[in-house]
Amino acid sequence: MDVIETISVAKDSLFVNKIRSALTMIGIIIGVGAVILLVSIGEGARREIYKELGELGSNILIVVPGKTSKEGGMHMGTSVVRKITYDEARFIEKRAKNIIHAVPVVLGTSWIKYKGKSRDTYIVGVTDPYFDIRNLKIEIGRGINASDVDSRQKVCVLGRTVKKEVIGDANPLGAVVSIGDTKYRVIGIMAPKGMALGFDIDDVVFIPTTSALELFDTDRLFNITVKVRNAELIDEAKKEIRGILIRRHANKEDFTILSQDEMIAVMGKILNIMTAVLAGIATISLIVGGIGIMNIMLVSVKERTREIGIRKAVGAKNRDILLQFLAESVILSVIGGVGGIILGIALSVGLHYFFDFLPTHITWWSVVIAFLFSGMIGVFFGVYPARKAALYDPIVALRYE
Amino acid sequence: MVILDDIKKSYILHGRVVEVLKGITLEIKEGEFLSIMGPSGSGKSTLLNLIGCLDRPTSGKYLLDGIDINTLSDNELAEIRNRKIGFVFQAFNLIPRLSAIKNVVLPLLYSGMPSEERNRMSFDLLQKVGLSHRANHLPSELSGGEQQRVSIARALINNPSLILADEPTGNLDSKTGQEIMDIFKSIHKEGATIIMVTHEKSISEHAERIITIKDGVCFSGCY
């Protein structure tokens with residue numbers, strides 16, 4: 001019996017049990033759909049983070065206190081190790097030849113109050129080059145400049161969310177707000193950056209580093225954000241900064257210099273693992289779907305024992321019977337696979353449409369792999385029932401009631 | 001055309017060897033119409049299955065058209081059944097979800113005939129058994145006699161050298177049974193070799209030769 005004939009016979013018998021075939025297919029549809037959906041969520045998150053990190057400037061090194069391995073990720077500035085100071089940042093900026101700027105960054109949280117409204121928000125102390133380095137745009141007014149820093153001016157630049165929540169629709173420029181116990185004058189408003197992975201990067205207030213050190217009563221920096229001249233000089237600059245800091249830290253390397261690329265790589269690694277885990281979970285449901293196919297094929301073989309006997313009596317070879325039943329399970333799984341692809345793509349697109357903050361990205365490889373895998377499941381879980389059918393003794397099968 | 005030489009067949013049933021055929025020697029010539037009689041359990045169906053290449057003898061030699069059946073593989077036996085043998089069963093054994101014409105065409109699916117030709121042949125045969133107007137009906141929509149005529153058409157489709165019928169009238173009333181026997185007689189007249197198992201004397205008398213089997217040995221008619 002040729003291929004077309006085999007497929008048509010299989011199709012006919014699947015059609016007789018429409019509901020049963022459809023229910024069996026749903027198992028595969030859900031499995032394949034889940035693989036595509038979950039991989040698209042993982043991949044969407046990865047791309048989003050790459051994009052966000054990429055938007056936060058290039059050729060950047062970050063010096064944080066404490067010696068950590070790369071995998072440790074970012075430090076929150078709370079460690080008891082030797083601090084990094086404002087003067088050290090200034091010193092690096094002056095001495096290192098391969099860098100353009102070294103920005104001392106202070107991070108803390110505080111209340112900001114204006115006319116009875118208040119908000120708990122992030123306060124970031126920076127110097128003037130920070131906005132350029134991090135690709136942050138000022139929409140209204142101006143950013144923090146060098147003289148603000150030098151003279152410890154009590155001025156602030158508000159993120160979009162803070163402006164909206166605290167000042168509202170009033171003209172913000174020149175408004176005097178309280179941060180902690182100190183009065184600050186608003187000199188600028190940031191252009192909106194939006195949500196990134198559920199974190200509102202507009203919920204922030206920038207003030208001069210020097211003022212921030214006073215505000216939090218500390219001389220400990222959160223980090224030094226360094227802009228290197230160009231990408232080729234990153235390693236060079238790293239060495240240079242390391243040399244300068246080690247000398248100032250009594251020959252101890254109690255700090256870590258991370259490059260943006262390294263951080264992206266670490267993030268990427270974590271997200272790849274996450275995507276793999278999600279795909280793995282989805283694969284389990286695909287396998288369950290496959291077991292569903294095997295189950296239904298076993299029932300089908302049993303039900304059609306007599307048919308198998310008849311076919312054998314009129315000249316069907318074992319191979320013909322095997323292929324007939326195998327074709328049925330493969331058709332079930334392949335049609336289920338196509339349905340799953342449609343479902344997965346629809347859910348991925350729909351999810352992002354209805355939940356803005358959940359980025360999804362459908363990858364062609366997940367579609368291809370899910371489809372091939374569903375076909376393989378059809379073969380794998382179909383072989384056992386089909387073999388069972390093929391090996392029936394025709395006489396016994398013909399007598400089967 | 002069929003030569004059986006001291007054919008024995010035994011089964012293992014509940015751990016005991018049961019000898020069903022205890023040495024049958026028989027020759028059937030081309031164009032013969034033979035009926036096999038015997039009480040139930042005598043081994044006549046087993047003998048028919050062996051002749052039909054659905055089963056192999058435990059010992060003894062079986063030549064069909066000069067081919068030694070014992071030397072053939074399962075697949076080769078399937079091919080012999082496909083090309084040389086047509087079966088008619090007591091229970092009709094039509095595939096319930098296939099229409100009459102699709103049931104008739106079944107053996108040709110396994111012989112690799114182009115679809116147009118085999119559909120035409122099936123329709124011609126349905127016409128011959130007087131059922132062309134019911135070609136697209138399912139077996140459940142046909143009467144017993146009609147179902148048996150479909151299965152005769154199926155048995156004839158591959159132009160077999162041998163037609164084997166196992167109690168073909170067993171599930172039919174006597175009038176319908178008579179009609180079926182008329183069809184057998186007419187195809188016999190056209191030159192077909194027919195071997196029919198029955199336990200009804202009146203039916204067996206349509207055949208030219210009657211052999212009787214009792215307890216796995218040939219009682220009469222074997223030569």
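Worth saying up front: this structure is predicted, and the values here are computed from it rather than measured. Proteins come first, then strands; the chains are lettered A, B, ... in the order of their sequence lines, and each starts at number 1.
Distance check, rounded to the nearest 0.5 Å: CG of D393(A) to CG of D55(B) gives 6.5 Å. To the nearest 0.5 angstrom, R399(A) atom CZ is 11.0 Å from F89(B) atom CZ. Rounded to the nearest 0.5 Å, atoms CD1 (I395(A)) and OH (Y11(B)) are 5.0 Å apart.
Heavy atoms only, all atoms of each residue included: R311(A) and L98(B) are closest at NH2-CD1, 4.1 Å. Residues A316(A) and A78(B) approach most closely at O-CB, 3.7 Å, considering heavy atoms.
Only the side chain of R154(B) comes within less than 4.5 Å of a heavy atom of chain A; its backbone N, CA, C and O stay farther away. Only the side chain of N49(B) comes within contact range of chain A, with at least one heavy atom under 4.5 Å from a heavy atom of that chain.
Residues Y110(B) and D320(A) have side chains in contact (heavy-atom distance under 4.5 Å, counting atoms from C-beta outward). Side-chain contact between R306(A) and I95(B): absent, with no pair of heavy atoms (C-beta onward) separated by less than 4.5 Å.
Within 6.0 Å of atom CG in N272(A), more than 12 heavy atoms from other residues, nucleotides or ligands are found, so the atom counts as buried in its surroundings. Residue R387(A) places its CZ atom among 12 or fewer non-hydrogen atoms of other residues, nucleotides or ligands, all under 6.0 Å distant. Other residues, nucleotides and ligands contribute only 12 or fewer heavy atoms inside 6.0 Å of the CD atom of E116(B). For CD of E200(B), the number of neighbouring non-hydrogen atoms (other residues, nucleotides, ligands) closer than 6.0 Å is greater than 12. K84(B) NZ: more than 12 foreign heavy atoms inside a 6.0 Å radius.
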Margin query: Assess the residue pair L54(B) and L398(A) against the criterion (side chain to side chain contact (heavy atoms under 4.5 Å, CB included)); give the C-alpha distance rounded to whole Å, side-chain angles, the decisive distance to 0.1 Å, and a yes or no.
Written below: CA-CA 10 Å; L54(B) 282 169; L398(A) 275 171; 4.1 Å; yes
Next item on the list: Go through the steps for I310(A) and L106(B) under the test side chain to side chain contact (heavy atoms under 4.5 Å, CB included), then give the verdict.
Entry: CA-CA 9 Å; I310(A) 296 166; L106(B) 200 61; 4.1 Å; yes
Notebook entry, point to check: Are K317(A) and R81(B) close enough, and set up right, to give a side chain to side chain contact (heavy atoms under 4.5 Å, CB included), and what steps lead you there?
Noted result: CA-CA 10 Å; K317(A) 300 186 173 115; R81(B) 290 196 295 271; over 6 Å; no
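The candidate from G309(A), A313(A), P394(A) with the greatest count of non-hydrogen atom pairs under 4.5 Å with chain B is A313(A). Chain A forms the most heavy-atom pairs under 4.5 Å with one residue out of I80(B), I85(B), N82(B), and that residue is N82(B).
Counted by atom type alone, N75(B) and R319(A) present zero donor-acceptor pairs between their side chains at under 3.5 Å.
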